[in-house]
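Heads up: the structure comes next, in structure tokens.
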2 protein chains.
Amino acid sequence: MDPRKARTLAALLSAGEEIFRKRSVDDVTVEEIAARAGVAVGSIYNAFGSKAGLHAAVVERAIEGNRDHMDHAYQREGSALDRIYAAADAYLSFYLSYPDYFRMLAFPQAPGHYAAGKELAARLARAVHEQNARLVATLREGVEAGELRAVDPQETATVLWATWNGIMSLHWRPDDLRQDEAGLRRLLAAASDVLATGLLPRPRS
Amino acid sequence: MDPRKARTLAALLSAGEEIFRKRSVDDVTVEEIAARAGVAVGSIYNAFGSKAGLHAAVVERAIEGNRDHMDHAYQREGSALDRIYAAADAYLSFYLSYPDYFRMLAFPQAPGHYAAGKELAARLARAVHEQNARLVATLREGVEAGELRAVDPQETATVLWATWNGIMSLHWRPDDLRQDEAGLRRLLAAASDVLATGLLPRPRS
DNA sequence: AGTTATCTTGCAATGATTGCAAGAAGCCTT
DNA sequence: AAGGCTTCTTGCAATCATTGCAAGATAACT
């Protein structure tokens with residue numbers, strides 16, 4: 001890579017990591033980040049597409065060496081439903097650890113006009129595909145093992161994923177419908193229970 | 001009401017109705033709306049809190065005399081589950097008719113600093129409470145009639161509502177995970193099927 | 001008719017994002 | 001090593017939604 005670009009990326013990632021560790025993305029200006037990195041504001045857009053794009057890159061780097069959250073859920077022993085329950089819990093942990101990044105995965109905005117924004121959108125979609133592929137595989141295994149009734153694994157995985165996203169979104173409502181962490185856990189458990197029951201094989205009559 | 005305020009509200013609602021009938025909210029500037037209404041840009045914020053707030057008020061007025069969407073779903077004959085299926089369909093129809101307003105109900109942003117924005121947030125929360133109250137009542141009736149297993153109606157209503165929101169949100173994704181109207185229908189049907197099955201009373205063993 | 005309260009306005013500002021021309025740095029070829 | 005070409009960064013002005021505030025006009029009240 002061109003050393004100038006590498007220097008700019010490194011400086012911004014470093015500055016972003018430092019600033020975002022202490023303050024929320026909304027509380028930080030692009031002016032501040034650029035000043036901390038010693039680059040122009042426009043470099044943020046050229047390199048990452050947006051302020052949120054820089055934040056996503058910071059989180060992606062943090063996650064890179066630590067994918068325990070979802071890995072453990074899908075690798076655990078037990079039935080397919082056990083793994084789905086565990087995946088839901090892991091998804092919540094992931095959300096609580098990286099709420100802004102999660103939001104970009106679950107409810108992405110338009111990528112903007114910069115190439116880096118479009119690249120970010122592609123990376124986010126890929127991350128969702130990877131996580132959903134595991135859900136699909138788990139559902140398929142469950143159906144094949146007779147643990148789950150004959151549902152379309154792809155479609156059902158999308159439903160589960162959308163349900164979890166809908167529940168997490170209640171955490172950032174600005175009104176009395178907002179759910180705190182305990183409320184999210186309860187709703188996730190309730191959702192998992194109803195969904196899991198709905199996926200059980202029907203008894204023969 | 002102060003006649004000056006009434007005039008400003010009427011002018012802006014009129015201008016908003018005309019402009020939003022032809023073009024999407026994102027495609028219109030506050031400058032354009034204010035010019036069309038013959039008022040200052042600041043009046044939009046004083047009266048509605050934001051551009052989205054004006055749009056919400058326009059939709060609320062349109063809906064006011066026409067609540068068929070959700071009314072029919074909850075009033076139809078049949079089991080509680082029939083009504084829940086119908087409510088899901090009605091919810092999709094409602095979303096397709098008023099996507100931007102729906103988005104404010106399902107995923108509201110921070111209300112901003114204007115009093116009118118806070119009032120809007122309260123109205124949106126109330127609308128969600130009203131719609132969810134019907135869902136709660138339908139679930140309660142189902143449990144009491146033995147049609148549904150003993151779930152917490154309030155909690156389950158929140159899960160259903162969050163699930164539908166999560167599914168609708170797939171319609172505005174900017175990547176290949178996006179679902180068109182047909183895809184939303186399929187996912188909604190799949191979700192309703194799994195959830196409904198999961199809510200059935202467990203057979204005695 | 002005078003006073004007080006409310007409403008609207010013009011204006012400057014904030015912050016994220018965008019486009020673009022100019023200059024510097026790096027790469028490649030000779 | 002030098003020259004030409006490509007890529008990267010920058011400064012700057014701009015767009016747009018939103019915000020705050022002082023000033024003036026309008027309406028209500030006494």
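Per chain, numbering begins at 1; letters A, B, ... match sequence-line order.
Taking the side chain as every heavy atom from C-beta outward, A:R173 and B:V128 approach each other to under 4.5 Å.
In this structure, A:R4 places its CZ atom 16 Å from P of C:dG23, rounding to the nearest Å. Going from atom CD1 of B:I33 over to atom C1' of D:dA17 covers 11 Å, rounded to whole Å. In this structure, A:D100 places its CG atom 14 Å from P of C:dA16, rounding to the nearest Å. In this structure, the NZ atom of A:K51 is 9 Å from the P atom of C:dG15, given to the nearest Å. Spacing between atom CG of B:L54 and atom P of D:dA17 amounts to 12 Å, rounded to whole angstrom units. Counting to the nearest Å, the P atom of D:dA14 and the CD atom of B:E31 are 16 Å from each other. Distance OH (B:Y45) to C1' (C:dA12): 15 Å, rounded to an integer number of Å. Rounded to an integer number of Å, the gap from CG of A:N46 to P of D:dC8 is 9 Å.
For the pair A:R7 and D:dT7, the criterion of a side-chain N or O lying under 4.0 Å from OP1 or OP2 is not met. For the OP1/OP2 pair of D:dC16 and a distance below 4.0 Å, the side-chain nitrogens and oxygens of B:T29 include no atom meeting the criterion. Residue B:H113 places at least one side-chain N or O closer than 4.0 Å to OP1 or OP2 of D:dG20. A close approach under 4.0 Å does not occur between any side-chain nitrogen or oxygen of B:S43 and OP1 or OP2 of C:dC7.
Nucleic acid contact class of B:V25 (heavy atoms, under 4.0 Å, all strands): none. Within the nucleic acid shown, B:G53 has no heavy atom closer than 4.0 Å to any nucleic acid atom.
Salt bridge status for B:D152 with A:R186: absent, with no side-chain N to carboxylate O gap under 4.0 Å. Look at A:E181 and A:R185 and you find a salt bridge, because one of the NZ, NE, NH1 or NH2 atoms lies within 4.0 Å of a carboxylate O, short of that distance.
Mapped onto DNA chain C by nearest heavy atom, B:T8 and A:Y114 fall at different nucleotides, with B:T8 at the one closer to the 5' end. DNA chain C is contacted by both B:K5 and A:V28; B:K5 maps to the nucleotide lying nearer its 5′ end (nearest heavy atom per residue). Heavy-atom nearest nucleotides on DNA chain D were determined for B:D2 and for B:G42, and the one closer to the 5' end corresponds to B:G42.
Side-chain proximity of B:P3 to the nucleotides D:dT9, D:dA28, D:dT18 is greatest for D:dA28.
For B:K118, the NZ atom is densely surrounded, since the number of other residues' heavy atoms within 6.0 Å is greater than 12. Annotation for A:Q109: atom CD does not count as buried by contact number, only 12 or fewer foreign heavy atoms lying within 6.0 Å.
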